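Reading through the structure tokens given below for one structure.
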Amino acid sequence: MEISGRTGLLGLIGSPVGHSGSPAMYNYSFEILDLDYKYLAFDIPVEKTEDAVNAFRTFNMKGGNVTMPCKGEVAKYMDELSPASRIIGACNTIINKDGKLIGDITDGKGYVRNLKENGVDINGKKMTIMGAGGAATAIQVQAALDGAREISIFNKKDAFFEKAQKTVESIKKEVPDCVVNLFDIDDTEKLYAEIATSDILTNATLIGMKPHDNETNIKDTSVFRKDLVVTDVVYNPIKTKMILDAEEAGCKVIGGKGMLLYQGVEAFKLFMGCEMPVEKVKAKYY
Ligand code: NAD
């Protein structure tokens, strides 16, 4: 589609952005849906986040995405935040609603949607989740907002443990119906006991991702019951050691690639107001 005087603009901000697949995926979607928009990536250091948000306003940009290191900073300059963004204090999506900039975060929405696409509904379920970083926090908050009955978080006693304590407090305050607890991941007895009463087990740590691809947080594979859904946010490799072990034990397994796709699909729906042509995008880029 040719660029005209009416072509609308969307964009990604953060640094680095050169490796991002978002421009290709979104521009391909605009072409398929015959939407007169273009999506570009802008390399923005964190100290220029406010300027970048002002540019969104000045150019009346339709929306866009935010990556590191701007995800937290950008939340300060939005006119409104989604419940998940408010709880987490970060945004990866900007939506321009009649000149009002709304910040949202779709990592958790992408995770939940990926489960749904694989026939798993989080509503009413108990989840054990390992990790307390960016991906883990987004999943924990979205799972609570989407009706998870109980969430048991396990993490190392590193800098992320304190972040997890804050997430637990926020979920307790914002979603009081959801039971949420935090444990030390090195307490394997407790980890296995929580998995035994869970419907879903999720890895959202760096374990399983290259160069940790021969590692897993679950050393005792007898915890993999057939009715346990085992999910990983790591998508490189496509199947982590944990996923391979769980698959061999007969569990339903869901890898991280779908979450990556669906966080983009959810963002597209938010800023464009329609569904991305998922199957075509999947066939071309995933
Ligand atoms: P992060 O740096 O914010 O968090 C890292 C997490 O790993 C923390 O919980 C930390 O305690 C834990 N960790 C680090 N070393 C560990 C070890 N030796 N043993 C146990 N735990 C350890 O990272 P992030 O942005 O949350 O990313 C985590 C993973 O999720 C990465 O593999 C990333 O590629 C993946 N990810 C996937 C998607 C997706 O769409 N599928 C989105 C975001 C991130």
Side-chain angles (χ1 to χ4, degrees), residues 12 14-17 19-22 25 65-72 84 88-93 104-118 127-143 151-168 182-188 190-191 200-219 230-243 253-268 276 278 281-282 285-286:
L12 169 68
S15 186
V17 290
H19 65 287
S20 171
S22 296
M25 178 174 83
N65 294 102
V66 188
T67 188
M68 295 308 280
C70 304
K71 282 173 103 166
I88 296 165
C91 308
N92 79 335
T93 302
D104 207 326
I105 186 152
T106 61
D107 300 287
K109 288 187 168 105
Y111 173 85
V112 171
R113 170 91 182 259
N114 187 34
L115 288 194
K116 214 168 255 171
E117 296 291 329
N118 282 280
M127 169 195 259
T128 289
I129 175 162
M130 301 173 289
T137 306
I139 292 169
Q140 289 148 11
V141 168
Q142 196 62 47
I151 304 173
S152 293
I153 303 170
F154 284 84
N155 206 74
K156 281 176 86 64
K157 286 274 180 82
D158 60 10
F160 289 96
F161 199 85
E162 204 179 308
K163 184 175 157 75
Q165 279 168 326
K166 287 192 186 127
T167 305
V168 168
L182 172 63
F183 307 99
D184 181 352
I185 201 168
D186 290 328
D187 183 353
T188 40
K190 187 67 188 165
L191 174 63
I200 301 165
L201 168 67
T202 304
N203 173 54
T205 70
L206 299 181
I207 297 301
M209 185 174 94
K210 286 181 180 163
H212 299 287
D213 45 335
N214 285 323
E215 298 172 42
T216 169
N217 289 306
I218 308 297
K219 308 282 186 299
V230 179
T231 81
D232 209 317
V233 305
V234 174
Y235 53 85
N236 183 18
I238 299 279
K239 285 187 179 178
T240 58
K241 176 155 173 45
M242 184 189 77
I243 288 288
V253 296
I254 304 173
K257 199 94 194 245
M259 172 179 168
L260 189 67
L261 167 68
Y262 285 109
Q263 59 83 23
V265 170
E266 291 295 312
F268 188 91
M276 186 191 264
V278 184
V281 167
K282 214 156 97 179
Y285 296 106
Y286 285 84

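We count ligands from 1, going down the list as the structure has it; atoms in each ligand are counted the same way. Just so we're clear, the structure is a prediction, and the values are computed from it rather than from any experiment. FYI, the numbering just counts along the sequence from 1.
The minimum heavy-atom distance linking Ile243 with Ile254 is given by the pair CD1-O, 3.8 Å. Heavy atoms only, all atoms of each residue included: Lys156 and Asp184 are closest at CA-OD1, 4.5 Å. Among all heavy-atom pairs drawn from Ile151 and Ala143, the shortest one is CD1-CB, 4.0 Å. Nearest heavy atom pair, residue Tyr285 against residue Met25, reads CE1-CA, 4.0 Å. When all heavy atoms are compared, the tightest approach of Ala132 to Ala164 is CB-CB, 3.6 Å. The shortest heavy-atom contact between Asp213 and Lys241 is O-CB, 4.0 Å.
Among protein heavy atoms, the minimum distance from atom 18 (N) of ligand 1 is reached at Ile207 CD1, 3.6 Å. The single protein non-hydrogen atom nearest to atom 4 (O) of ligand 1 is Gly133 CA, 3.3 Å, given as residue, atom name and distance. The protein non-hydrogen atom at the shortest distance from atom 19 (N) of ligand 1 is Lys156 CD, 3.3 Å. Distance from atom 30 (O) of ligand 1 to its nearest protein heavy atom, with residue and atom name: Val233 CG2, 3.0 Å. Nearest to atom 26 (O) of ligand 1 among the protein's heavy atoms is Ala135 N, 2.8 Å.
Residue contacts with ligand 1 include Ala132, since one or more of its heavy atoms lies under 4.0 Å from the ligand.
Here the shortest heavy-atom distance to atom 3 (O) of ligand 1, taken over Gly131, Gly108, Gly134, belongs to Gly134. In this structure, of Asp232, Leu206, Asn114, the residue bringing a heavy atom nearest to atom 13 (N) of ligand 1 is Leu206. When Thr205, Asn217, Asp158 are ranked by how near their heavy atoms come to atom 10 (C) of ligand 1, first place goes to Asp158. For atom 34 (O) of ligand 1, the nearest non-hydrogen atom from the set Met130, Met209, Lys257 belongs to Met209. Which of Phe154, Phe161, Phe160 comes nearest to atom 1 (P) of ligand 1 through a heavy atom is settled by distance: it is Phe160.
Residue contacts with ligand 1, taken as heavy atom pairs separated by less than 4.0 Å, do not involve Thr137 at all. Contact annotation: for Met259 versus ligand 1, heavy atoms closer than 4.0 Å belong to both the backbone and the side chain.
A 6.0 Å sphere centred on CD of Glu162 holds no more than 12 heavy atoms belonging to other residues, nucleotides or ligands. Atom NZ of Lys116 is surrounded by 12 or fewer heavy atoms from other residues, nucleotides or ligands within 6.0 Å.
Here is the list of ligand 1 atoms found below 4.0 Å of a heavy atom in Val234: 32 (O). Applying the 4.0 Å criterion to heavy atoms of Tyr235 picks out, from ligand 1, the atoms 37 (C), 38 (C), 39 (C), 41 (N). The contact set between ligand 1 and Leu260, taken as ligand atoms under 4.0 Å from a residue heavy atom, comprises 39 (C), 40 (O), 41 (N). Which parts of ligand 1 touch Asn155 is read off a 4.0 Å heavy-atom cut-off, strictly below it: atoms 8 (C), 9 (O), 11 (O).
Side-chain contact check for Thr231 and Thr202: at least one donor-acceptor pair (N or O, by modelled atom type) lies under 3.5 Å.
Close N/O approach between Gly256 and ligand 1 is found [any backbone or side-chain N/O within under 3.5 Å].
Each of Thr240, Thr188, Thr205 was evaluated against Asn217; a single residue qualifies, Thr205, per the side-chain hydrogen bond (donor to acceptor under 3.5 Å, both in side chains) test.
Formation of a donor-acceptor pair under 3.5 Å by the Asn65 side chain with backbone atoms of Asn92 is found in this model.
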